[in-house]
Novice: 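My structure is below; once you've seen it, I'll send some questions.
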Amino acid sequence: MSFLSDLNKAQQKAVGHTNGPLLVIAGAGSGKTKALTHRVAHLIAEREADPSNILAVTFTNKAAREMKERLELLLAKNYAENKYAQSWSSLDQVHQRQIRSNIYQSTTKDLWIGTFHAIFARLLRFDIDKYLDPEGLSWTKQFSIYDESDSLNLVKEIITQELQLDPKRFEPKKARWSISKAKNYGWTADQLEKEFEGHNGKLSAELYRRYRRALAANNALDFDDLLLLPVQLLQQNEAVRNYWHSRFRHILVDEYQDTNRTQYELLKLLTTNGVSPKNYTNWKNRSIFVVGDADQSIYSFRAADFTILMGFQDDFKNHSQENKDKIMVKLEDNYRSTSTILKAANSLIENNKERIDKVLKATREEGELIKLTRCDDEISEAEAVIHRLRLTEANNYNLKWGDMAILYRTNAQSRAIEESLVRWGIPYVVVGGLRFYDRREIKDILAYLKLLVNKNDSLSLLRIINVPRRGIGKTTIQRLTDASSQLGIPLWEIVTDTEAVRSLAGRSAKGIFEFTQLIESLDKELINSSPSIFIQKVMERCGYLNELIAEATEEAEERRQNLQELVNAAIQFEDENEESDVSGFLASAALASDADKKDTEADRVTLMTLHSSKGLEFPAVCIVGLEQGLFPGYRSLSDPSALEEERRLCYVGITRAKEQLFLFHANERRLWGGMREPAVPSIFLSEIPEELIKGDLPLSGGTSLRRQKNLPRLTRIDRKENTSSKKERSFSSPSNAIRRQSKEWNVGDHLIHNSFGKGVVTHLFGSNERRSIAVKFDGMGPKIIDPRLAPIESINEEQLS
DNA sequence: CCGAATTTAATTTTT
DNA sequence: TTAAATTCGG
């Protein structure tokens, strides 16, 4: 029973739980991760379950990786003790490594541990071809995953190209948001129209329909689809559902307060095979084990809903169980923070109305008081933070830079602090902000890979067709995409049709041939290259690397290094996944976040948003920008439930701290560029008992860089005038131009081609001077040809018969 | 068709 | 302030 031995009563109850549902309410720092890993180890060691029967859902990829890591170590130690009766640390390195490798092969390899998105993307790689779409859309196993920016690009494209709307009137960002909302609530386009009645409901619904079709045409899925499609698939296909239901007998979910309705639906389908949880009785060798803390629910903007957690007991309470407490365990002992910090956290969160009653009980000493510093502006705030950290470092010989974190509400706040850190020469790392995989050069190379895996991915094709430069311009691309959309043929098939290209592209045809030949030659090597080697090949062969080297600027060098980093990421992926291929790597890249990047052991101060700090802990924590309108954010000031979420976010921030907590706020702040905004202290500060806080002297903010500028305001007004005098966008549709053509070919004309035989004109492209036509010949798809070059002759309809 | 120059809009939080 | 979009001259 070694996996139960070093746990407290409540933890033991949770870990030892065998069958049926269990809700674990786990306060911050109460050993929740420990409970999860020990439970998995326990299940395996006690032969309750085969590793392949276990599914563990984490909130980030990093958490998944850590869980695997800790589990492996746990099992390895256990193995060492049982087999050799020796403690793990007394074994030599070679031995240790060998045991870990055994554990990996026999156990951890077969576990499914990952985020909802990663897990269900994986499931779809098996079964997406069995999905039946209500509109008849379909996807193949090679599907691409579109991240938020890809998806937004697609929406933009549809708004401007297909619907011919002004993106200023119908904003792509908002439109994308409404689509996401529809997907998260499982609405059809018609339902979306009703929900958004009066707010562009009709348009939104139309856009939603087109967006879904466009995704299918690209054989691509967005983040929401990765959850929504599996729900529908499991609902509609009994065989598929049975398979996964019998496969995953023990399901564990971390950060359960941040699941959304779709994710909950997935859990229910897998656990009870479609039966209502209340009526489900077959819990033999089966369990669902969810761990969460409603007070740490901070993702409602992503449709997370902590009432799912609060409803767990009622939902899963079986008729035979009279006491619903039987399926709930509370972990309230906090092992992380000093009692001062805990008191502050508890008092703060008590101001929330919607919550499960829960108090964190301290197990540690009182510790030092919380220190609050008022500053003049964000620059002196940054200086004050650095001052504080340097003092802390100097006074505590056991505290290193790596033990400290600076947390803020918005990513933009990091800049001022970074500048100060640089000025003082303090090593630091920023996590979050722009994702590694969002960098341009990375997205470019990944677009090559995506296209190679999935030829229908026109979005990726368009991204790289002229990157690096191949002399293919805007007009050419427009003609090609017009042809593709009007004929309903994937862009790839247009660009690989030599005749069509010659006809449509004119003098950029050469560049296009160059491009298609490149892709086709790379395609031949796709199957027998590992991801890392293949990426290297792509970078070299497409000329991207050479272009960066030729540029010889500092920026280009940085890009080159990022690309090298991409190769390294692929190598790491290969190490972690035995059967790794390019499409697997692409999926992991699409779902990776910046917070996932491997912990460098370097001794550096960590900067990040409060959101990404969830699940972490630091001996010393600074929270900056505690001002009304910033934290809590201005959008939540008039919305009580949004304010409660901000408070939970603050609670998360405070409970990250083990020993020392420093709070900061400024009297005024430059939001962007110039203008100063006066700021009042955050309401949260007043919710922490005064006796826990030691106020600092206001730091004199004699920093330089202080210039009163009236200029920006004037230029701003000038710009406004410019905008208003700007011409309205033209709404003329391309069909007007087509109707204008004077001679020769019209849609419906019949013709005869020397080698293709008889055909009928279906589409016209380009204007009079440079005209191409699409012809449907008997027994083949439409061909695009140049009427002046092609060996064709017009024929009358009578001649046809 | 390309790159430089100009202008414009933007701040939550992330899988 | 900066990143991205748009315009303009070669």
Novice: How long is the line joining CZ of A:Arg435 and P of B:dT15, in whole Å?
Specialist: 8 Å
Novice: Between A:Lys614 and A:Asp258, is there a salt bridge with N-O shorter than 4.0 Å?
Specialist: yes
Novice: Quick one: label A:Thr475 by what it contacts on the DNA or RNA (base, sugar-phosphate, nothing), any heavy atom closer than 4.0 Å.
Specialist: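 Sugar-phosphate only.
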Novice: Relative to A:Tyr299, does A:Arg302 satisfy both conditions: NZ or CZ under 6.0 angstrom from the six-membered ring centre, and within 45 degrees of the ring's axis?
Specialist: yes
Novice: Between A:Arg648 and A:Asp295 (salt bridge meaning N to carboxylate O under 4.0 Å), is one present in this structure?
Specialist: no
Novice: Considering only the P atoms, how many Å lie between C:dA4 and B:dT13, rounded to the nearest integer?
Specialist: 15 Å
Novice: Send over the distance from A:Asp254 CG to B:dT15 C1', rounded to a whole Å.
Specialist: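 Whole-Å distance recorded here is 15 Å.
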Novice: Distance alone, cut at 3.5 Å: any donor-acceptor contact between the side chains of A:Thr410 and A:Gln413?
Specialist: yes
Novice: Would A:Arg559 count as a cation-pi partner of A:Tyr544, with NZ or CZ less than 6.0 Å from the six-membered ring centre and within 45° of the ring normal?
Specialist: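 No, cation not above the ring by the 6.0 Å, 45° rule.
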Novice: Can you measure A:Phe515 atom CZ to B:dC1 atom C1' for me and round it to whole angstrom units?
Specialist: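 Rounding to the nearest Å, CZ of A:Phe515 and C1' of B:dC1 are 18 Å apart.
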Novice: What is the distance from NZ of A:Lys614 to P of B:dT15, rounded to the nearest Å?
Specialist: 10 Å
Novice: From NZ of A:Lys156 over to C1' of C:dT6, roughly how many Å is that when rounded to an integer?
Specialist: 13 Å
Novice: Give me, pair by pair, the N or O atoms of the protein and of nucleotides 12-14 of chain B that are less than 3.5 Å apart, along with how far apart they are.
Specialist:
unit_1 : atom_1 : unit_2   : atom_2 : d
B:dT12 : OP1    : A:Arg635 : NH1    : 2.7
B:dT12 : OP2    : A:Arg635 : NH1    : 2.7
B:dT12 : O2     : A:Arg409 : NH1    : 2.5
B:dT12 : O2     : A:Arg409 : NH2    : 2.1
B:dT13 : OP1    : A:Asn411 : N      : 2.7
B:dT13 : OP1    : A:Asn411 : ND2    : 3.2
B:dT13 : O2     : A:Arg409 : NH2    : 2.5
B:dT13 : O2     : A:His611 : NE2    : 3.4
B:dT14 : OP1    : A:Thr609 : OG1    : 3.0

Novice: Output yes when A:Asp150 and A:Lys443 qualify as a salt bridge under the 4.0 Å nitrogen-oxygen rule, no when they do not.
Specialist: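 Salt bridge between A:Asp150 and A:Lys443, a charged N being under 4.0 Å from a carboxylate O: yes.
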Novice: Rounded to the nearest angstrom, tell me the gap between atom CG in A:Asp225 and atom P in B:dT15.
Specialist: 18 Å
Novice: Could you tell me which residues satisfy ring-ring contact (aromatic ring centres under 6.0 Å, His included) with A:Tyr185, sequence neighbours excluded, listed by chain and number?
Specialist: A:Trp187
Novice: Report the residue (A:Asn153 or A:Arg415) whose heavy-atom-nearest nucleotide on DNA chain C is the more 5′ of the two.
Specialist: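 Upstream on the strand: A:Arg415.
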Novice: If you assign A:Glu171 and A:Asp224 each to the DNA chain B nucleotide with the nearest heavy atom, which residue ends up on the more 5' nucleotide?
Specialist: A:Glu171
Novice: What's touching nucleotides 2-4 of chain B from the protein side, N or O pairs under 3.5 Å?
Specialist:
unit_1 : atom_1 : unit_2   : atom_2 : d
B:dC2  : OP1    : A:Gly471 : N      : 3.1
B:dG3  : OP2    : A:Arg469 : NE     : 3.0
B:dG3  : OP2    : A:Arg469 : NH1    : 2.1

Novice: I need the full list of salt bridge (charged side-chain N to carboxylate O under 4.0 Å, His left out) pairs touching residues 622-638 of chain A, with sequence neighbours left out, sorted by first then second residue.
Specialist: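 Sorted result for residues 622-638 of chain A: A:Glu627-A:Arg669.
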Novice: With A:Glu514, which residues qualify under side-chain contact (heavy atoms from CB on, under 4.5 Å), at least two apart?
Specialist: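 Checked A:Glu514 against side-chain contact (heavy atoms from CB on, under 4.5 Å); matches are A:Arg470.
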Novice: Taking atom C1' of C:dA3 as reference, at what distance in whole Å does atom NZ of A:Lys443 sit?
Specialist: 16 Å
Novice: Looking at A:Glu383 and A:Arg423, does any basic side-chain N land under 4.0 Å from a carboxylate oxygen?
Specialist: yes
Novice: Given B:dT11, is OP1 or OP2 found less than 4.0 Å from the side-chain N or O atoms of A:Lys173?
Specialist: yes
Novice: Starting from P on B:dT15, measure out to CG on A:Leu226 and report it in whole angstrom.
Specialist: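 Rounding to the nearest Å, CG of A:Leu226 and P of B:dT15 are 13 Å apart.
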Novice: Check A:Lys68 with A:Glu576, please: is the shortest side-chain N to carboxylate O separation under 4.0 Å?
Specialist: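 Looking at A:Glu576 and A:Lys68, the cut-off is not met.
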Novice: Kindly say whether the aromatic ring centers of A:Phe301 and A:His611 come within a distance under 6.0 Å.
Specialist: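 Yes: the rings meet the under 6.0 Å criterion.
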Novice: Would you write the dot-bracket representation of DNA chain B, where each base gets (, ), [, ], | or . depending on whether it forms a Watson-Crick or G-U pair under 3.5 Å and with which partner?
Specialist: ||||||||||.....
